[in-house]
Number of protein chains: 2
Amino acid sequence: MSDLVTRLLEGLPAEAVLTDTDVLASYAHDMASFCPAGAPAVLVLPREREQVQHVLRVASELRVPVVPQGARSGLSGAANAVDGCVLLSLVRMNRIVNIDPVNRIAVVEPGVVNADLSKAVAGHGLAYPPDPSSWEQCTIGGNIGTGAGGLCCVKYGVTAEYVLGLDVVLADGRLLSTGRSTAKGVAGYDLTRLFVGSEGTLGVVVRAVVALRPAPPPQLVLAAEFGSAAAAGDAVCRIMAAGHTPSLLELMDRTSVRAVNRLLKMGLPESTEALLLAGFDTPEPGAELAAVGELCRAAGATEVVPAEDTAESEMLLAARRAGLSALEAVKGTTMIDDVCVPRARLAELLDGVARIADRHRLTIGVIAHAGDGNTHPTVCFDATDPDESRRARESFDAIMALGLQLGGTITGEHGVGVLKREWLARELGPDSLEVQRGIKAVFDPLGILNPGKVF
Amino acid sequence: MSDLVTRLLEGLPAEAVLTDTDVLASYAHDMASFCPAGAPAVLVLPREREQVQHVLRVASELRVPVVPQGARSGLSGAANAVDGCVLLSLVRMNRIVNIDPVNRIAVVEPGVVNADLSKAVAGHGLAYPPDPSSWEQCTIGGNIGTGAGGLCCVKYGVTAEYVLGLDVVLADGRLLSTGRSTAKGVAGYDLTRLFVGSEGTLGVVVRAVVALRPAPPPQLVLAAEFGSAAAAGDAVCRIMAAGHTPSLLELMDRTSVRAVNRLLKMGLPESTEALLLAGFDTPEPGAELAAVGELCRAAGATEVVPAEDTAESEMLLAARRAGLSALEAVKGTTMIDDVCVPRARLAELLDGVARIADRHRLTIGVIAHAGDGNTHPTVCFDATDPDESRRARESFDAIMALGLQLGGTITGEHGVGVLKREWLARELGPDSLEVQRGIKAVFDPLGILNPGKVF
């Protein structure tokens with residue numbers, strides 16, 4: 001038994017310390033393509049914060065890298081193993097400690113699945129809004145690590161808006177409490193927000209105080225078809241400029257629509273170049289659907305279908321929900337980008353992605369949180385074909401370059417991880433990188449926390 | 001002419017570099033009581049970011065402290081001079097660079113007055129929600145520095161929620177851009193949020209991208225009188241637990257109500273122990289006012305007065321708006337605390353403050369953003385009476401101790417500055433302070449940025 005494992009077992013039960021090669025291999029990576037994963041030394045599955053502290057103390061003493069993990073549903077390789085590391089999976093720390101309807105907060109452990117929290121608070125008439133597409137698998141800890149978004153963000157904001165306070169185990173095993181349980185608070189620097197989106201490079205979240213909202217009424221959805229991406233982008237701008245606040249505003253391009261058509265046999269016309277879905281969860285959504293329908297027509301919509309009720313709304317959303325599976329079915333493998341641009345530049349991004357797809361002779365479908373300008377251009381390719389794989393990677397990079405050129409960011413909600421490390425420097429520039437590395441060194445002077453990620 | 005002034009004049013016009021003693025004295029402090037101010041060496045009033053960069057470069061070379069200032073309406077001494085410093089007032093950098101209704105953002109310089117931004121965006125049907133009570137004087141740069149709140153935060157959140165990106169001049173004069181102009185973005189650590197609330201200790205904000213919202217409908221306000229603080233606190237809890245989201249939920253205790261009665265002759269009954277004001281800016285606020293009125297009655301309200309229209313709502317709010325002036329009139333000087341507790345603990349805080357007032361033989365009125373649990377216990381005292389001044393300071397501290405004891409924070413929205421420096425350590429503990437000092441050193445290795453503030 002290695003010295004590392006022996007030392008870990010001093011503070012963890014045997015069932016929480018795993019070294020079986022197959023198990024390690026299955027935990028070694030998240031869902032990103034093109035991201036190398038190293039060979040981990042050991043997997044630990046703690047249930048208590050003291051056990052996490054023990055892991056970090058041992059890792060610091062032995063100078064062993066630690067890779068924190070949630071559900072490994074991430075798309076940037078941030079949870080991938082590095083050689084000789086401790087894989088620190090937080091999935092067993094999945095208690096919902098408290099739900100407080102008066103103060104509208106919940107206290108949760110990091111391994112709580114997003115959907116489980118949503119269901120639990122729904123029982124109190126409350127909602128935890130951030131809703132990544134992987135919400136039935138992903139954990140709150142992982143959401144905090146990546147700064148996750150979702151469909152609802154156009155109205156309700158992203159994870160950062162909902163994290164009030166954290167308990168974090170630092171690299172040396174000390175426990176740090178940040179933030180507050182109150183609605184407001186400005187005592188000292190905002191360390192809470194610094195941890196959100198830090199991808200496990202600053203500390204390990206072992207408890208979070210999250211803000212809740214009253215559960216909104218059920219949403220009503222409108223679908224609109226367009227003959228060009230430019231017309232759909234124009235509709236998005238008209239809707240936002242007119243002062244509407246949809247609870248979702250999603251867009252699928254021609255490629256995604258056709259892929260879904262093939263998968264679900266939905267009978268959408270092949271002439272549809274873009275499908276826009278707008279949801280409203282106000283007390284009287286019908287009036288807003290009518291107004292938004294008019295704006296879509298003014299922007300050139302060829303068809304506008306407002307749902308009559310929740311069941312019809314769900315049917316319309318089914319196309320959106322099937323989008324990624326449908327694109328996966330095209331070539332077997334997908335690579336999902338996450339470029340966010342000012343929403344006024346959305347049409348330019350869609351047109352640019354179509355040109356990139358042509359140039360690289362690839363199928364690239366775009367599904368977008370259009371209301372946020374947050375697009376997921378999804379490259380479909382055959383991973384067994386080296387030339388096509390190379391073109392897939394090149395087109396992926398070309399899309400990020402386009403996003404930056406349009407005043408956007410390389411990652412709206414998926415994070416940097418391994419996948420976009422070189423691109424971070426292009427977005428931030430040397431001065432920002434220097435400051436960020438300085439902050440990293442304050443929290444992790446030995447460089448043991450998720451090394452090789454983000455930077 | 002000192003070497004410092006000579007060097008400053010190399011990059012600033014003469015009218016922007018002031019050394020007149022009276023002028024310096026008038027700029028040497030903000031509106032906090034009990035906060036010493038040093039003797040500044042010079043006041044600079046730049047109009048361009050390059051001038052700010054020059055100031056910081058000179059200050060770094062000469063190791064001279066720099067104190068950034070907005071409108072100096074702060075209440076914690078964060079903008080107070082330190083001996084020999086450059087006072088760096090940003091009030092002349094007050095251009096609204098851009099208002100973009102499609103992307104719902106504004107780009108502003110730090111010296112833009114909060115109310116001026118609000119009025120400018122209102123012309124586009126938009127709102128910049130954060131509304132500190134000093135909104136007609138305070139600047140966006142100052143709001144960012146303190147992480148300012150206001151009345152609307154119970155529904156719309158605080159300044160941190162609205163700052164998307166910043167241009168910041170670092171201690172050595174370099175220009176750092178943080179964040180984004182897009183709705184989402186998670187590339188690297190959230191430096192933007194780190195600057196919000198950092199009270200000028202990490203850098204000097206010279207431009208900000210802020211998020212806007214569609215302007216809400218006019219709000220309708222309900223007033224409810226209670227025979228005890230406990231009953232009013234109970235009403236707040238019932239309103240929030242029932243899932244209402246008021247656009248404001250303000251509370252005044254007996255002392256504040258009586259002070260306002262004296263000042264404005266409003267004829268509120270002397271038996272009123274607490275006055276609650278609830279506002280709603282939904283499309284149909286009448287229904288919500290009726291429901292909230294019922295909840296207030298259930299909690300024991302002795303009188304419930306729902307406004308019929310906007311004009312009546314404004315009359316009810318006039319009492320709240322006059323609160324601080326009325327308390328100032330009691331003894332000539334006030335000291336405004338800023339303790340935020342979980343809203344379920346509000347009644348305990350109010351009762352505790354009443355006991356502290358008795359024990360210290362002082363008048364302390366409480367005005368509270370009750371929906372946030374954010375209270376402003378306001379100590380009224382005669383500053384020419386040394387014994388009363390001592391008791392005022394002691395009661396102020398006792399209130400912070402009570403806030404911490406109730407699971408709250410020493411500052412909800414006013415910041416730490418000089419006033420609460422020792423208390424910050426009590427709230428955060430040594431590990432957090434060590435991390436915070438480490439971050440400070442990354443940005444300001446020479447310690448020239450607003451030294452002696454916060455820590």
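Quick note on labels: first sequence line is chain A, next is B, and so on, each numbered from 1. The structure presented is a predicted model; accordingly, all values stated were derived computationally and were not measured.
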> Is the backbone N or O of A:V102 less than 3.5 Å from a side-chain atom of B:R343, with the two atoms forming a donor-acceptor pair by type?
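Indeed, once roles are kept as given, a pair shorter than 3.5 Å links the two residues.
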> Can you tell me how far the CZ atom of A:R345 sits from the OG atom of B:S181, to the nearest 0.5 Å?
11.0 Å
> So how far is it from A:I439 CD1 to B:I439 CD1, rounded to the nearest 0.5 Å?
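Separation between the atoms: 6.0 Å.
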> Taking side chain as everything from C-beta outward and backbone as N, CA, C, O, which of these in A:F195 sits under 4.5 Å from a heavy atom of chain B? Side chain, backbone, both or neither.
neither
> Not counting sequence neighbours, which residues clear salt bridge (charged side-chain N to carboxylate O under 4.0 Å, His left out) with A:R180? List them please.
none
> With a 4.5 angstrom heavy-atom cut-off, is it the side chain or the backbone of A:E427 that approaches chain B, or both, or neither?
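It is the side chain, since no backbone atom gets that close.
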> Looking at every heavy atom in both B:L176 and A:D431, which two are closest together, and how far apart are they?
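The answer is CD1-C, 4.0 Å.
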> Find the one option among A:I410, A:I239, A:L194, A:L175 whose heavy-atom pairs under 4.5 Å with chain B are most numerous.
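Highest number of pairs under 4.5 Å: A:L194.
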> Name the member of A:R238, A:H244, A:R213 that forms the most heavy-atom pairs with chain B at distances under 4.5 Å.
A:H244
> Using atom types as modelled and distance alone, determine if a side-chain donor or acceptor of B:K184 lies under 3.5 Å from a backbone N or O of A:G150.
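Yes, B:K184 side chain to A:G150 backbone: donor-acceptor pair under 3.5 Å.
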> Do you know which of B:T409, B:T282, B:L202, B:L428 has the most heavy-atom pairs under 4.5 Å to chain A?
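Option with the top pair count is B:L202.
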> Measuring heavy-atom distances to chain B, does A:E434 have an atom under 4.5 Å in its side chain, in its backbone, in both, or in neither?
side chain
> Checking B:V435 against chain A: side chain, backbone, both or neither under 4.5 Å from a heavy atom?
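Contact with chain A: backbone and side chain both.
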> What part of A:K420 lies closer than 4.5 angstrom to a heavy atom of chain B: side chain, backbone, both or neither?
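Nothing of A:K420, per the 4.5 Å heavy-atom cut-off to chain B.
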> Using every non-hydrogen atom in the two residues, find where B:N103 and A:A344 come nearest and quote the distance to one decimal.
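Smallest heavy-atom distance, with atoms named: OD1-N, 3.1 Å.
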> What part of A:N374 is in contact with chain B, defined as an atom under 4.5 angstrom from a non-hydrogen atom: side chain, backbone, both or neither?
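Just its side chain gets close to chain B.
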> Checking heavy atoms, do the side chain of A:A160, its backbone, both or neither come under 4.5 Å from chain B?
side chain
> Taking all non-hydrogen atoms of both residues, which atom of B:R104 and which atom of A:M240 are closest, and how far apart?
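Between these two residues, the closest heavy atoms are NH2-O, 2.8 Å.
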> Anything in residues 185-192 of chain B with a heavy-atom distance to chain A below 4.5 Å? Please list those residues in order.
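B:G185, B:V186, B:A187, B:G188, B:Y189, B:D190, B:L191 fall under the 4.5 Å cut-off.
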> Answer with side chain, backbone, both or neither: which region of A:H369 has an atom nearer than 4.5 Å to a non-hydrogen atom of chain B?
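It is the side chain, since no backbone atom gets that close.
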> Quick one: which of A:C340, A:A241, A:G147, A:G125 has the most heavy-atom pairs under 4.5 Å with chain B, could you say?
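Heavy-atom pairs under 4.5 Å are most numerous for A:C340.
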> Out of A:L126, A:I105, A:T201, A:V454, which one racks up the most heavy-atom pairs below 4.5 Å with chain B?
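Among the listed options, the one with the most contacts to chain B is A:T201.
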> Do you know which two heavy atoms are closest between B:T182 and A:G408, and how far apart they sit?
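Minimum heavy-atom separation between B:T182 and A:G408: CG2-CA, 4.0 Å.
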> Contact part of A:V341 toward chain B, heavy-atom cut-off under 4.5 Å: side chain, backbone, both or neither?
backbone
> What part of A:V442 is in contact with chain B, defined as an atom under 4.5 angstrom from a non-hydrogen atom: side chain, backbone, both or neither?
side chain
> Who among B:C237, B:G429, B:A148, B:G197 has the most heavy-atom pairs with chain A under 4.5 Å?
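The option with the most such pairs is B:C237.
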> Using a 4.5 angstrom heavy-atom cutoff, name the option from B:G412, B:A183, B:G438, B:P214 with the most pairs to chain A.
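Winner by heavy-atom pair count: B:G412.
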